[in-house]
Number of protein chains: 2
Amino acid sequence: MIHISYQDPRPIYEQVRDAYRQQILAGVLAPGEQLPSVRELSSRLAVNPNTIQRAYRELEQEGCISSVRGKGSFVADVSGAAEARRRELLEQFDQLVQELESLGVTSEELGQRVGGGEG
Amino acid sequence: MIHISYQDPRPIYEQVRDAYRQQILAGVLAPGEQLPSVRELSSRLAVNPNTIQRAYRELEQEGCISSVRGKGSFVADVSGAAEARRRELLEQFDQLVQELESLGVTSEELGQRVGGGEG
DNA sequence: CTAACTGTACTAGTTAGTTTAATACAGTTT
DNA sequence: AAACTGTATTAAACTAACTAGTACAGTTAG
């Protein structure tokens, strides 16, 4: 299940969309697996069905899910969407590295940080 | 000078605030240096003075600038603000690394990426 | 002191985005 | 036929961002 927070400044539909995208692209939810229906999820999260529908619509446009009238919404085959997301995050990564280095953080320090506990 | 974009979904005051914060903490603008006045910058960017004032107010709260009634706004001594910003960006960095690794990007790949052209 | 600059505060109105609400239609399944 | 599914539409409420106008307070140059 996913959670939403009213403390989070992001709109609800973005929280729902981002939470499912993360789980789907990470493989937590397998291709073909069914998502809760628009009405059921809106009821569980105590928000309006339109809010959930917007999240699902954007997930479908991204290629993360496939919605079929009368049947439901299902996790899609996401190789393409995963690659697009990877590129997007790597771009953010490069920008972040650049700003951190302008603040005096060294490449070595960042390298150790991604390495975890290897060196 | 800084630029704003009406294509950018971020509010104008955030664009102004973030642009100056970046330049100030990177040392592009030296401590003591005077910023354009609220009225002058609002005129140059063709936005309302209130919008600029909000950006300046937040920069002052962050410790990046110091505003004095009647005199103007000046770049502050930013060692504290820089350290706070560094911590903030490193937290974002860690989250980004975690999400990238959940997409199958390896630590090695990210390490090479921060290193630039060293390997 | 006056004029022209500076930051700051306040109120009001507009606009855009988010969310809710209610309703309706279309396809699937039992 | 009934109960589920996604989808579309319209209206309203609410909030944040932005604009507009005005006013006040401190500084500086004449």
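Each chain gets a letter, A, B and so on, in the order the sequences are listed, and its residues count up from 1. Both backbone and side-chain heavy atoms feed into the values below; hydrogens, waters and symmetry mates do not.
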J.: In whole Å, I'd like the distance from the CG atom of A/N48 to the P atom of C/dG17.
T.: 19 Å
J.: Nearest to the side chain of A/Y56, which nucleotide is it out of D/dG6, D/dA17, D/dT19?
T.: D/dG6
J.: NA contact type, A/E40, heavy-atom cut-off 4.0 Å: base, sugar-phosphate, or nothing?
T.: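 Since no nucleic acid heavy atom lies under 4.0 Å of A/E40, the category is nothing.
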J.: What integer distance in Å separates B/I52:CD1 from D/dA20:C1'?
T.: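 From B/I52 CD1 to D/dA20 C1': 15 Å.
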J.: Can you work out whether A/N50 or A/R69 has the more 5'-proximal nearest nucleotide on DNA chain C?
T.: A/N50
J.: Heavy atoms, side chains only, cut-off 4.5 Å: are B/R54 and B/I12 in contact?
T.: no
J.: Heavy atoms under 4.0 Å, any strand shown: does A/Q34 hit a base, just sugar-phosphate, or nothing?
T.: nothing
J.: Look at B/R85 together with B/E62 and state whether they make a salt bridge at an N to O cut-off of under 4.0 Å.
T.: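 No salt bridge links B/R85 with B/E62.
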J.: How long is the line joining CD1 of A/I65 and C1' of D/dT7, in whole Å?
T.: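 In whole Å, D/dT7 C1' lies 13 Å from A/I65 CD1.
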J.: Does atom CG of B/D8 have more than 12 heavy-atom neighbours from other groups under 6.0 Å away?
T.: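 Yes - once you tally the heavy atoms of other residues, nucleotides and ligands closer than 6.0 Å, there are more than 12.
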J.: Look at the side-chain N and O atoms of B/Y13 and state whether any lies under 4.0 Å from the OP1 or OP2 oxygen of D/dA17.
T.: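 B/Y13 to D/dA17 OP1/OP2: side-chain N or O found under 4.0 Å.
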J.: Roughly how many Å is it from CZ in A/R54 to P in D/dA8, rounded to a whole number?
T.: 14 Å
J.: Measuring from the side chain of A/S67 (C-beta onward, heavy atoms only), which nucleotide among C/dT8, C/dA21, D/dG6 has the closest atom?
T.: D/dG6
J.: For A/E14 and for B/L35, locate the closest nucleotide of DNA chain C by heavy-atom distance; then report the residue assigned to the nucleotide nearer the 5' terminus.
T.: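 Upstream on the strand: B/L35.
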J.: For B/F74 and C/dT6, give me the distance from atom CZ to atom C1', rounded to whole Å.
T.: 9 Å
J.: Measuring from the side chain of B/T51 (C-beta onward, heavy atoms only), which nucleotide among D/dC18, C/dT18, C/dT8 has the closest atom?
T.: D/dC18
J.: May I have the distance from A/Q53 (atom CD) to C/dT19 (atom C1'), rounded to whole angstrom?
T.: 14 Å
J.: Measuring from the side chain of B/S73 (C-beta onward, heavy atoms only), which nucleotide among D/dT7, C/dG7, C/dT8 has the closest atom?
T.: C/dG7
J.: We want to know whether A/S107 and A/E101 form a side-chain donor-acceptor pair, criterion being a heavy-atom distance below 3.5 angstrom.
T.: yes
J.: Identify which nucleotide among D/dT28, D/dT19, C/dT6 has an atom closest to any side-chain atom of B/K71, counting heavy atoms from C-beta outward.
T.: D/dT28
J.: If you check the B/S37 side chain, which of D/dT7, C/dT20, C/dG7 turns out closest?
T.: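 In terms of side-chain proximity for B/S37, the closest of D/dT7, C/dT20, C/dG7 is C/dG7.
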J.: If you count every heavy atom of other residues, nucleotides or ligands that lies below 6.0 Å from B/Q98 atom CD, does the total exceed 12?
T.: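 It does not: B/Q98 CD has 12 such atoms or fewer within range.
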J.: Rounding to an integer number of Å, can you tell me how far A/L41 CG sits from D/dT7 P?
T.: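 It is 14 Å, rounded to the nearest whole Å.
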J.: Atom CZ of B/R39 to atom C1' of D/dT22: distance rounded to whole Å?
T.: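 That distance rounds to 11 Å.
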